[in-house]
Amino acid sequence: MVTIERIGEHVGEEAEIRGWLYNMRSSGALRFLLVRDGTGVMQAVAVRSDLPAGVFDAAGALTQESSIIVAGLVREDRRAPGGYEMALRRLEVVQLADPYPITPKEHGVEFLMDHRHLWLRSQRQWAIMRVRAEVERALCRYLDDLGYLRMDTPILTPSACEGTTTLFETPYFERRAYLAQSGQLYNEATAAAFGRVYCFGPTFRAEKSKTRRHLTEFWMLEPEAAYLDLDGYMELAEGLVVAVVRQVLERRRRELEILQRDPAALERVQPPFPRITYDEAVERLRARGATIAWGDDFGGDEETVLSREFDRPVFVHRYPARCKAFYMQPDPARPEVVLGADLLAPEGYGEIIGGGQRIHDRELMERRIEETGLPAAEYQWYADLRRYGAVPHSGFGIGIERTVTWILGLEHVRETIPFPRLINRLYP
RNA sequence: UCCUCGGUAGCUCAAUGGUAGAGCAUCCGGCUGUUAACCGGAGGGUUGUAGGUUCGAGUCCUACCCGAGGAGCCA
């Protein structure tokens, strides 16, 4: 069996493709079957005079998305989409599909989301998912090559990783458990065991956010490293993002074309990324007319404005402590700000990475847990890490869907995950 | 939770308070190089739900349901 992705290697040969009918056009004694097999789309040409009558009629009776096995001579042809086509010789109908709901015309978001299980078969979704997979592969490869060890962290957790945000709750025998919103705290433990680690998995947020950049279930990759400071973290994140974009440019050109994403915007993603302080970001926002007080966190609008000022991703570092989580290391030179940094993607996309240096001082950590009102008993193990060989360490989380949305220039994160979970969307 | 917009054929959308329509999909027919093919014909409707105003409501009013975009929220 041959895949359409590699059909160019079989010109002049008889080949068999197992797949589905994507679309069909006919012209009297000719029928053009657009066949997809998951790796690509290719047309098979059925000519009445070259085929037994039964085969030609069977081709004519096919419905969109019927599963079929086609075989015939592969040849190059300028007129064929993709440049190659098959002269149909043999056709096997595996299943004749019912009338297919997603017709080759426009559809609304709600209808497509209700048919997400079928929508994934369309060219656009095919291209997006192939890039998503490439992004995930590139992320893991980059960290693996640097000696980072993948450590999978739990999804069922006893309490909030950080008491402030809303968690999904689920029964857990006679108790309650919560779906993880980050693997970071656990990775601070594994980083002390293995030096450099990362986790990669789904995370859950029960916030009732209703915007183009939020999902209730999304995937995040979170590196964490011992003896890494804020500057080291930014250097790591920068190298990671550059490598991911380069790998997509190298291996997923065809997909970028299908999505009409201009590669020039991605080719500009070169080091070094600008690094500006929160203070400077506030000044820039005010120069653009924003009314923002020092100490306020940035909303989506502020991120959009900032990210449009640069032609590549930009780090904003040293946020006011009150904007950030309890475990963030205060800047020794300015205790009112913390050694944290977010990476904002350009073209208005905003935050794709958040992270920073963690508190390693035992007394400070215990004080911060108390101030934040977290249950000390449940954070005992986390505080313990500051008792047994504490070292300065840093880490960050990169959101997969937001990253793919930016790389592909999409409007909404919901198309970058096979089955998006949104506030009003749990089916299919 | 709030603001804005929307809900009419399987889908995408039209319809001045006065006979509910088109394109696509489906079915039938035509076409030997189609590119979301094209051409001809046919079938297809509880206008989101419940009330109200009116001689008459898809259209106006009220409530509710659902969706989209945004705000808030958001390592």
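Order of the sequence lines fixes the chain letters, A, B, ..., with proteins taken first and strands second; residue numbering starts at 1 for each chain. Reckoned from all heavy atoms, side chains included, excluding hydrogens, waters and symmetry mates.
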Quiz item: A/Glu110 side-chain donor-acceptor pair to B/G6 base, under 3.5 Å
no

Quickly work out the A/Phe111 CZ to B/G7 C1' distance and round it to whole Å.
15 Å

A/Met24 atom CE is separated from B/G33 atom P, nearest whole Å, by 17 Å

Considering only heavy side-chain atoms of A/Lys210, the closest of B/U34, B/G69, B/C66 is B/G69

Can you tell me whether the side chain of A/Thr103 and the base of B/C11 have a donor-acceptor pair closer than 3.5 Å?
no

Of all the nucleotides listed (B/U26, B/U32, B/G72), which has the minimum atom distance to the side chain of A/Ala29?
B/U32

In the structure shown, which nucleotide is the Watson-Crick or G-U wobble counterpart of B/G17, with both distances under 3.5 Å?
none

Taking any strand in view, what nucleotide pairs with B/A36 in a Watson-Crick or G-U wobble way, both distances under 3.5 Å?
none

For A/Ser49, which contact category applies under a 4.0 Å heavy-atom criterion: base, sugar-phosphate, or nothing?
base

With both distances kept under 3.5 Å, what pairs with B/A68, Watson-Crick or G-U wobble?
B/U4

Separation of B/C31 atom P from A/Arg31 atom CZ, nearest Å, is 11 Å

Taking for A/Leu422 and for A/Glu351 the nucleotide of RNA chain B with the nearest heavy atom, the one nearer the 5' end belongs to A/Leu422

Look at the side chain of A/Val45 and decide which nucleotide, out of B/G67, B/G33, B/G69, has an atom nearest to it.
B/G33

